[in-house]
There are 2 protein chains.
Amino acid sequence: MFDPVCPSDLTPIRFGDKWYGMIVRCLEHGPRRFSELRVPLRGISAKVLTRTLRALERDGMVVRTEHPGPVRQVEYELTPLGRSLLEPIAAACAWAEEHWEELLDAREAAVGPPR
Amino acid sequence: MFDPVCPSDLTPIRFGDKWYGMIVRCLEHGPRRFSELRVPLRGISAKVLTRTLRALERDGMVVRTEHPGPVRQVEYELTPLGRSLLEPIAAACAWAEEHWEELLDAREAAVGPPR
DNA sequence: CTAACCGGTATCCCGGTGGTAACCACGTCA
DNA sequence: TGACGTGGTTACCACCGGGATACCGGTTAG
């Protein structure tokens, strides 16, 4: 259990870095361009976005398509594998929607009172 | 979307640090003692385990009970809130069991070939 | 000509995460 | 009188994730 060489080590519950899962969500409804991704992902830097997209590509989650033409246009799209990630992500989002207030309450209660 | 002050920022898909979710899983089947947790969590250091348990406590996921008696005994147990985390964690684990080989294949294919 | 947009890359720097090791109080056992 | 187990704490350190900033080649708009 939780052996370093065990798949379960991949799961509870971090997929990739801070933005990995968010980018997958942003691609849920079809391909997006580089600069289109920067809008919903407020505050992400170009460097980190590039790095994370490369990681998603390497992991087979996303395909990168450079459309030929006078003006540069690059699109990122989910693969079936990437699309399959939407399911656990949705579960995590559902949890957060339902419970994050409890969590914040607990945190708030934890800082104030004595101990 | 993905506003820093938005709950969705909490979710896709990182809960806490590297061990946060794993510890929750370890507590799934009832309370566990400090040293009992170190067994399944191969390689976790006492420092990190302590720190993560404190975080879980602060977040209302876990309660810490120090049982009085001659020999020191401390137990950690999931709260209902902590127990609710099992659901998205299970979804993530199910995903990993089903797809991690695809992911590893993609990674392997990504390192070798030209680019 | 100049400015702006696209899709990045390069560099610096800071803080957090996580590992190692030493140490600790307390109690038990040989 | 030690050695050992339990449940930690502390100091030190390396790595890396991520933010800020500057820059880049190519293209297009004013």
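Being a predicted model, the structure only gives us computed values, none of them experimental.
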- Checking D:dA11, D:dG8, D:dT6 against the side chain of B:R64 (C-beta onward), the nearest is D:dG8
- Between D:dT28, D:dG8, D:dG18, spot the one nearest the side chain of B:A46, thanks.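 Among D:dT28, D:dG8, D:dG18, the one nearest the side chain of B:A46 is D:dG8.
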Could you check how far [atom1] of [X] sits from [atom2] of [N], rounded to whole Å?
X     : N      : atom1 : atom2 : result
A:W19 : D:dC16 : CH2   : C1'   : 17 Å
B:E36 : D:dG5  : CD    : P     : 16 Å
B:L49 : D:dG8  : CG    : P     : 8 Å
B:R51 : D:dT9  : CZ    : P     : 12 Å
B:Q73 : D:dG7  : CD    : P     : 7 Å
A:R54 : D:dG17 : CZ    : P     : 16 Å
B:R32 : D:dG7  : CZ    : C1'   : 18 Å

- Do B:E66 and B:R72 meet the salt-bridge criterion of a basic N to acidic O distance under 4.0 Å?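 Salt bridge present between B:R72 and B:E66.
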- Between B:R38 (side chain) and B:I44 (backbone), is there a donor-acceptor pair under 3.5 Å?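 Judged by distance alone, yes, a pair lies under 3.5 Å.
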- Task: Sort and list the pairs that fulfil ring pair (Phe, Tyr, Trp, His ring centres under 6.0 Å) and have at least one residue in residues 43-97 of chain A, not counting sequence neighbours.
- Result: A:W95-A:H99, A:W95-B:F15
- Item | Nucleotide range of DNA chain C lying under 4.0 Å from chain B heavy atoms | C:dT17 to C:dT28
- Task: Applying side-chain contact (heavy atoms from CB on, under 4.5 Å) between A:V62 and each of A:T79, A:L27, A:T52, A:L81, report the one that passes.
- Result: A:L27
